[in-house]
Asker: 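Handing you this structure, nothing more for now.
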Amino acid sequence: MTRKKRIVGFDLETGSAKRLYTWNEPEPYIVLCGWIEDGVTHVTNDPAELLEVLMAADIIYGHNIYAFDIPALAVHAGANYEALMAKAYDTMVLAQEEHPPAPKTMPVVLYNLQAVAERVGVEGKTDESKRLAGKKVAELAEAAAEGLTGREAQAAKRAVKAKYKDVYDAAHLIDWWDPELIEYLEGDLVSNQNVFRKLWKHLNRGVSRDELENFRNLNRMVYLGCRIHRPTAELRVAEENAKVAEARMQLSDMCPGIPEDAESPLATNPGKAAFEAGLIAVGVKPEHIPRTPNTGKVSTAKDALSSGDWVVTVEKEQKRFDARTKESYIQIRKARERRQGLRQLYPDNPKVQEMCELATTISGKSRKFAEILGKTGPDDMVHSKIGNLQVSRRVAFIEPSITNVGKRGVGLQQRSLIVPRKPGEVIMCSDLSQGDMRIMAALSQDPEYMKLFVGDRDAHAEVAVALLGTKELQELAAQVGALEALMQMNMMYLRDQAKAIGHGVNYGMGVDSTIANTGLPREIVERYFRMRAQTYRVLNRWTDEARKEAESGWILDNGFGRSMRCDPLQAHTQGPALYGQSGTREIIMRGVRQMPLSVKQMLLMVVHDEVVLSVPRERYEEIAMIVQESLRVTWRDVFFDCDVSNPGENWGECYDKDKGKVWQKHYKAYQENLAMAA
DNA sequence: ACTGACTGCGCC
DNA sequence: AAACGGCGCAGTCAGT
């Protein structure tokens with residue numbers, strides 16, 4: 001007879017959650033541990049006691065345990081991280097499956113235990129931890145004022161309150177035997193058990209089980225962290241500050257009145273006024289002053305002051321008439337306009353040129369280096385969090401945000417901050433190739449569109465030939481292939497055009513916006529749209545259906561069994577976009593799931609369609625093959641390809657133009673070697 | 001003192 | 001009738 005499975009829920013009371021990885025107080029981080037089994041709660045201040053129970057259990061669960069409780073036990077109580085994670089079920093992840101997140105334009109869906117308990121209809125416990133921490137701060141303030149009187153007593157109290165401005169900074173000072181703390185913990189355990197019982201039906205759903213695994217994988221990356229090259233970060237911060245200080249001095253001379261004490265002087269009203277006056281003084285006509293569309297303030301955006309074009313999103317009021325109700329109404333619609341940058345308008349005015357350059361230097365100051373440096377621990381490691389789940393089920397690494405560090409131009413320097421975790425390792429990254437496009441092909445099953453992704457074909461080149469090419473080019477392409485034909489006829493610019501248009505069109509961009517964004521001539525864009533409609537009829541039909549479905553407020557199945565909430569008012573654009581984004585996310589997270597644990601432990605982060613790893617240098621080829629084979633998949637007869645970068649001493653080096661993304665070449669050679677050896 | 005809106009800029 | 005989607009962070013400002 002098999003023994004009854006032990007199912008144990010647990011929760012911790014700790015010091016400030018923000019300091020999980022940077023704890024340096026004399027008091028223990030973990031204040032109180034609690035677990036619940038078959039409705040019976042237990043509490044202890046000895047984490048080892050909890051660990052013994054958890055290790056003996058068959059299933060463990062808790063709320064947000066992937067991101068918090070399990071790493072806390074690993075960091076502060078010597079727990080075996082992988083052993084616990086392998087059998088852990090996070091009710092927060094289950095709750096996300098039960099009630100998907102909403103788009104930003106709709107009421108937010110919260111996933112704290114209280115909110116989840118309410119939604120699934122069980123009793124919740126209000127969040128009392130903040131109150132208890134606040135009570136502790138008050139006690140400490142009283143203690144500090146003990147024996148003092150009058151002003152001195154007040155000052156002592158104020159000092160304590162300032163020290164614990166964030167009351168959670170005093171959470172670790174709460175006595176573990178405080179009856180209120182114990183009661184609170186027990187309440188959470190009971191509530192969590194009830195929530196788990198409501199949600200454990202998800203353990204029978206493949207997609208939910210996959211999602212649990214996805215979040216185990218993502219949070220492993222957070223737990224293991226990224227190494228930051230501190231000297232580079234510090235140097236960049238200093239460089240930025242020096243450069244901006246110099247530009248501020250020069251611009252202040254030309255535009256008197258720019259505030260000296262503001263962190264971003266051109267974001268202040270006086271600064272904007274001074275800048276505008278300065279421009280007028282050197283000959284800029286008032287009607288040429290660039291303005292932000294909503295408030296009409298002077299725009300100091302890089303593009304607005306550039307010598308190129310500037311794309312602004314403006315909201316236009318349109319008078320509409322409802323034939324049914326016979327009422328006219330005003331509708332606001334978004335439109336994109338392409339305007340000329342200020343430097344483009346005054347090419348021969350050196351003063352305007354200089355002022356614009358200086359302003360761009362000042363307002364474009366990158367704070368990314370400082371942001372990352374500020375969150376880097378004394379061990380040079382940074383543990384970003386996994387941000388809130390997005391409607392498309394995409395996730396971001398935040399605090400600091402790693403998802404949006406620069407990739408092009410000078411921004412690429414930002415990636416040089418991220419270096420391998422250990423000596424002897426190098427950085428590897430791997431990207432899905434045109435993930436969103438392939439998702440659209442797979443979902444629509446448009447035979448013509450699917451053909452773009454067969455074999456070694458270059459989708460953008462194919463589209464360029466099919467939609468923008470001449471008959472002559474198309475005939476040649478039929479002989480030698482699209483890419484080769486474009487090169488032979490010296491028409492590679494068509495590929496760039498197709499690529500530029502294609503990105504937006506997948507998300508529902510219209511003709512006018514495409515012209516505004518790309519700067520391409522109207523006739524080319526219109527031709528593209530016309531040809532696309534003719535060539536990919538099935539895709540268009542699918543797109544229309546996706547829009548219609550999104551108007552209901554829900555996309556019931558993204559193709560992988562997951563539903564998405566959407567905003568009916570934005571269905572036309574949001575519907576197809578969400579399918580594409582979520583599908584790409586499913587493919588990449590599936591790829592991660594395919595990796596063996598040892599490779600998963602090398603992962604640093606996932607950036608939507610890219611994975612980044614820190615791998616032993618001497619195993620680069622082997623790991624590259626595993627990563628590539630893990631990510632590659634054929635889904636609904638569409639092949640999802642990926643490439644692998646060259647090794648980099650830092651993340652930025654993986655994108656080195658000279659080295660390029662030439663892994664395939666190495667991979668083929670590697671396979672040939674293997675075949676030869678066999 | 002805090003909050004939310006707005007701006008600007010970065011990513012996929 | 002026409003419409004590119006999804007984000008996070010820092011700084012400023014206005015309102016409470």
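Residue numbers begin at 1 in each chain, while the letters A, B, ... track the order of the sequences.
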Asker: What is the distance, to the nearest angstrom, from the CG atom on A:Asp436 to the C1' atom on C:dG5?
Answerer: 9 Å
Asker: Roughly how many Å is it from OH in A:Tyr579 to P in B:dC12, rounded to a whole number?
Answerer: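 Taking OH of A:Tyr579 and P of B:dC12, I get 26 Å after rounding.
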Asker: To the nearest angstrom, how far is A:Ile515 atom CD1 from C:dA2 atom C1'?
Answerer: 14 Å
Asker: Kindly say whether the aromatic ring centers of A:Tyr449 and A:Phe453 come within a distance under 6.0 Å.
Answerer: yes
Asker: Between A:Thr403 and C:dG8, is there a contact of a side-chain N or O with OP1 or OP2 at under 4.0 Å?
Answerer: no
Asker: Check the interface with nucleotides 12-16 of chain C: list each N/O to N/O pair with the protein under 3.5 Å, or write none.
Answerer:
{"from": "C:dT12", "atom 1": "OP1", "to": "A:Glu263", "atom 2": "N", "distance (Å)": "3.0"}
{"from": "C:dT12", "atom 1": "OP1", "to": "A:Ser264", "atom 2": "N", "distance (Å)": "3.1"}
{"from": "C:dC13", "atom 1": "OP1", "to": "A:Asn269", "atom 2": "N", "distance (Å)": "2.8"}

Asker: For the base of C:dG6, is there a side-chain donor-acceptor partner from A:Gln390 under 3.5 Å away?
Answerer: no
Asker: Are OP1 or OP2 of C:dG6 and a side-chain N or O of A:Ser392 less than 4.0 angstrom apart?
Answerer: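 Negative; the distance criterion is not met.
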Asker: Are the side chains of A:Thr403 and A:Ile398 in touch, meaning some heavy atoms are under 4.5 Å apart?
Answerer: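 SC-SC contact between A:Thr403 and A:Ile398 ruled out.
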Asker: Have a look at A:Gly387 and say if it touches a base, only the backbone sugar-phosphate, or nothing, with a 4.0 Å heavy-atom cut-off.
Answerer: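 A:Gly387: no heavy atom of the nucleic acid under 4.0 Å.
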Asker: Can you tell me if A:Arg593 and A:Asn214 form a side-chain donor-acceptor pair at under 3.5 Å?
Answerer: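 Yes, a side-chain donor-acceptor pair sits under 3.5 Å.
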Asker: Please pick, from C:dC9, B:dG10, B:dC12, the nucleotide with the shortest atom-to-atom distance to any side-chain atom of A:Asn404.
Answerer: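 Given the options C:dC9, B:dG10, B:dC12, the side chain of A:Asn404 is closest to B:dG10.
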Asker: Considering only C:dA3, C:dG6, C:dC4, which nucleotide approaches the side chain of A:Asp512 most closely?
Answerer: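 Of all the options, the side chain of A:Asp512 is nearest to C:dA3.
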Asker: Rounded to whole Å, how long is the line connecting atom CG of A:Asp303 with atom P of B:dG8?
Answerer: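 Whole-Å distance recorded here is 11 Å.
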Asker: Would you say C:dC7 has OP1 or OP2 under 4.0 Å from some side-chain N or O of A:Lys104?
Answerer: no
Asker: Less than 3.5 Å between a donor and an acceptor, one on the side chain of A:Arg394 and one on the base of B:dC12, is that the case here?
Answerer: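 Such a pair exists between side chain and base.
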Asker: State, without any angle test, whether A:Ser401 and A:Asn404 hold a side-chain donor-acceptor pair at a distance under 3.5 Å.
Answerer: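 Yes.
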Asker: What's the OH-C1' distance between A:Tyr507 and C:dG6, to the nearest Å?
Answerer: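 Interatomic distance, OH of A:Tyr507 to C1' of C:dG6: 8 Å.
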Asker: Need one value for A:Val505: base, sugar-phosphate or nothing, where a base atom within 4.0 Å counts as base even if backbone is also close, heavy atoms only.
Answerer: nothing
Asker: Between B:dG8, B:dG10, B:dC11, spot the one nearest the side chain of A:Thr300, thanks.
Answerer: B:dG8
Asker: Answer whether the closest heavy-atom distance between the side chains of A:Arg565 and A:Pro100 falls below 4.5 Å.
Answerer: yes
Asker: From CZ of A:Arg338 over to C1' of C:dC4, roughly how many Å is that when rounded to an integer?
Answerer: 15 Å
Asker: Report yes if some heavy atom in the side chain of A:Phe397 is under 4.5 Å from a heavy atom in the side chain of A:Cys226; otherwise report no.
Answerer: no
Asker: Could you tell me how far apart A:Phe397 (CZ) and C:dG8 (P) are, to the nearest whole angstrom?
Answerer: 14 Å
Asker: With distance as the sole criterion, is a donor-acceptor pair present between the side chains of A:Thr584 and A:Asp436 under 3.5 Å?
Answerer: yes
Asker: Check side-chain contact (heavy atoms from CB on, under 4.5 Å) between A:Ser552 and all other residues, then give those that pass, not counting sequence neighbours.
Answerer: A:Trp554
Asker: Find the distance A:Ile386:CD1 to C:dC7:P and express it as a whole number of Å.
Answerer: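 Distance, rounded to whole Å: 16 Å.
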Asker: Checking contacts here: which listed nucleotide (C:dC9, B:dG8, B:dC12) is nearest the side-chain heavy atoms of A:Thr292?
Answerer: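 Between C:dC9, B:dG8, B:dC12, the one nearest the side chain of A:Thr292 would be B:dG8.
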Asker: Do A:Ser430 and A:Arg632 meet the criterion of a side-chain donor-acceptor pair at a distance under 3.5 Å?
Answerer: no
Asker: With a non-hydrogen cut-off below 4.0 angstrom, is A:Gly411 in contact with a base, only sugar-phosphate, or nothing?
Answerer: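 Nothing: the residue A:Gly411, judged by heavy atoms under 4.0 Å, touches no strand.
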Asker: Check whether any side-chain N or O of A:Gln581 sits under 4.0 Å from OP1 or OP2 of B:dC12, and answer yes or no.
Answerer: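 No, A:Gln581 has no side-chain N/O under 4.0 Å of OP1/OP2 on B:dC12.
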Asker: Reckon A:Arg415 touches a base, only the sugar-phosphate, or nothing at all at heavy-atom distances under 4.0 Å?
Answerer: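 Sugar-phosphate: the residue A:Arg415, judged by heavy atoms under 4.0 Å, touches backbone atoms but no base.
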Asker: For A:Glu399, which contact category applies under a 4.0 Å heavy-atom criterion: base, sugar-phosphate, or nothing?
Answerer: sugar-phosphate
Asker: Does B:dG8 have OP1 or OP2 sitting under 4.0 Å from an N or O in the side chain of A:Ser299?
Answerer: yes
Asker: Measure from the side-chain heavy atoms of A:Thr573 and tell me the nearest of C:dA3, C:dC7, B:dG8.
Answerer: C:dA3
Asker: Start at the 5' end of DNA chain C and walk down; is the nucleotide closest to A:Arg547 or to A:Thr105 reached first?
Answerer: A:Arg547
